[in-house]
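Here the structure is laid out as structure tokens; the discussion comes afterwards.
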Amino acid sequence: LNWIFTLIVYFLVYFLPLMIKKKFESEIKDQILFFVDNIILNVQSGIPIRGSLAKASDEFTGWKKTQFKLLVNSILLGQKNDHFKSKTLKKFHREMVNIENSKTKNFEQLKSYRQQLKIEQNLRHRSRQVTMNLKIQSLVMTILYFLIGFFIFSNFDTSNSKSLLLFSV
């Protein structure tokens with residue numbers, strides 16, 4: 001009983017941060033597109049890109065707002081993106097700094113970046129669908145294999161071919 005508790009604690013200590021990081025990355029990837037949409041709307045309404053960044057970060061709540069506020073402050077102050085552990089935030093920071101520093105055609109660059117993010121999101125979605133379909137197909141094939149094996153064992157004499165059936169697994 002004590003070793004089970006130790007195993008569970010080890011599992012939680014080792015894998016829980018990895019699962020939380022993965023969840024954080026997926027949440028941020030989903031919200032960056034919304035963030036860029038807000039920036040584009042603010043730029044269209046005549047607000048400069050720096051003001052649009054600040055205003056767009058106010059649309060979020062909780063930890064997302066904190067992350068986007070830190071991101072915006074880092075962009076506006078011209079800091080490096082070394083303090084972000086998220087690959088997604090680092091990439092977004094780099095793109096926004098490039099767009100903000102270019103001073104020409106910011107709106108077109110934002111729209112182009114939004115299009116790129118949308119394409120990436122669609123590819124991730126399709127990839128998840130294909131992966132899910134493959135997992136379901138492999139599960140169905142495994143179930144069918146065991147059902148056929150059960151049928152063979154229950155209806156036929158398999159005493160001579162046990163080694164052959166063992167190798168089929």
Side-chain angles (χ1 to χ4, degrees), residues 7-146:
L7 187 65
I8 291 171
V9 168
Y10 177 74
F11 176 80
L12 288 176
V13 167
Y14 187 76
F15 289 110
L16 194 61
L18 296 175
M19 291 186 300
I20 290 172
K21 183 178 180 181
K22 186 175 180 179
K23 178 71 174 161
F24 171 79
E25 284 288 329
S26 68
E27 287 281 325
I28 288 295
K29 282 179 183 175
D30 291 340
Q31 293 301 313
I32 280 185
L33 192 60
F34 178 69
F35 186 64
V36 172
D37 283 340
N38 284 338
I39 294 170
I40 289 172
L41 287 174
N42 289 329
V43 169
Q44 279 180 331
S45 67
I47 300 172
I49 193 164
R50 288 178 166 255
S52 297
L53 283 166
K55 190 172 180 183
S57 66
D58 291 335
E59 297 291 325
F60 296 98
T61 59
W63 65 270
K64 294 174 193 170
K65 184 173 185 169
T66 305
Q67 288 297 315
F68 282 111
K69 282 285 188 188
L70 288 171
L71 184 69
V72 168
N73 288 338
S74 177
I75 292 169
L76 296 180
L77 297 175
Q79 298 172 341
K80 295 201 182 266
N81 63 359
D82 296 336
H83 57 278
F84 295 113
K85 295 190 188 254
S86 166
K87 291 179 185 177
T88 306
L89 288 177
K90 283 183 180 182
K91 180 181 173 187
F92 182 73
H93 181 273
R94 187 175 52 249
E95 288 292 330
M96 286 281 105
V97 166
N98 288 340
I99 290 172
E100 203 263 331
N101 287 340
S102 72
K103 302 290 183 197
T104 58
K105 298 187 179 183
N106 290 340
F107 182 69
E108 286 79 16
Q109 289 178 0
L110 280 170
K111 285 176 65 175
S112 174
Y113 183 59
R114 186 209 179 279
Q115 187 69 24
Q116 176 189 346
L117 289 174
K118 188 67 176 165
I119 290 170
E120 287 176 8
Q121 186 182 42
N122 288 341
L123 286 175
R124 274 195 310 271
H125 179 70
R126 288 183 189 144
S127 173
R128 277 182 262 162
Q129 284 180 331
V130 168
T131 304
M132 183 61 72
N133 286 342
L134 287 173
K135 287 178 181 179
I136 290 171
Q137 286 176 2
S138 66
L139 178 67
V140 168
M141 292 303 294
T142 303
I143 291 170
L144 284 174
Y145 177 80
F146 284 115

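Just so you know, these numbers use all the heavy atoms, side chains as well, and skip hydrogens, waters and symmetry mates.
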Can Gln121 and His125 be said to form a side chain to side chain donor-acceptor pair (under 3.5 Å), step by step?
CA-CA 6 Å; Gln121 186 182 42; His125 179 70; over 6 Å; no

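- At least one side-chain heavy atom of Ile32 sits less than 4.5 Å from a side-chain heavy atom of Phe68.
- Atom CE of Met132 has 12 or fewer neighbouring heavy atoms from other residues, nucleotides or ligands inside a 6.0 Å radius.
- For the atom pair CG (Leu53) and CG (Asn73), the distance works out to 10.5 Å, reported to the nearest 0.5 Å.
- Taking the six-membered ring for Trp and thresholds of 30 and 60 degrees, Tyr10 and Tyr14 have nearly parallel ring planes, at less than 30 degrees apart.
- Note that CG of Asn101 and CD1 of Ile75 are 10.0 Å apart. Values are rounded to the nearest 0.5 Å.
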List the steps and the verdict of side-chain contact (heavy atoms from CB on, under 4.5 Å) for Trp63 and Gln67.
CA-CA 6 Å; Trp63 65 270; Gln67 288 297 315; 4.1 Å; yes

Could you walk me through whether Phe146 and Thr142 pass the side-chain contact (heavy atoms from CB on, under 4.5 Å) test, one step at a time?
CA-CA 6 Å; Phe146 284 115; Thr142 303; 3.5 Å; yes

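- To the nearest 0.5 Å, the span separating CD1 on Ile40 from OG on Ser45 amounts to 12.0 Å.
- Ionic pairing of Glu27 and Lys64 is present here: one or more N-O contacts between side-chain nitrogen and carboxylate oxygen are shorter than 4.0 angstrom.
- Two residues are said to be in side-chain contact when any heavy atoms from C-beta on lie closer than 4.5 Å; Leu123 and Ser127 fail this criterion.
- When side chains are defined from C-beta on, Leu110 counts as touching Ile49, because their heavy atoms get closer than 4.5 Å.
- For the atom pair CG (Leu144) and CG (Leu139), the distance works out to 9.5 Å, reported to the nearest 0.5 Å.
- A salt bridge does not link Lys91 to Glu95: none of the charged nitrogens lies less than 4.0 Å from a carboxylate oxygen.
- When all heavy atoms of Arg50 and Leu76 are compared, the pair lying nearest together is NH1-O, 3.2 Å.
- Side-chain contact between Glu120 and Gln116 is present, with at least one heavy-atom pair separated by less than 4.5 Å.
- Between the CD1 atom in Ile20 and the CD atom in Glu25 there is a gap of 13.5 Å [rounded to 0.5 Å].
- Put simply, the side chain of Ser52 does not reach to within 4.5 Å of the side chain of Lys55, judged on heavy atoms.
- Side-chain contact between Arg124 and Lys29 is present, with at least one heavy-atom pair separated by less than 4.5 Å.
- Leu71 is listed as a side-chain neighbour of His93, based on a closest heavy-atom distance under 4.5 Å.
- With contacts defined as side-chain heavy-atom distances shorter than 4.5 Å, the pair Phe24/Thr88 does not qualify.
- Under the 30°/60° scheme for interplanar angles, the aromatic rings of Phe92 and Tyr113 are found to be tilted.
- The distance from atom CD1 of Ile28 to atom CG of Leu33, rounded to the nearest 0.5 Å, is 13.0 Å.
- The two residues Gln109 and Ile99 have their closest heavy-atom pair at OE1-CA, 3.3 Å.
- In this structure, Ser57 contributes its side chain and Lys69 its backbone to no donor-acceptor pair below 3.5 Å.
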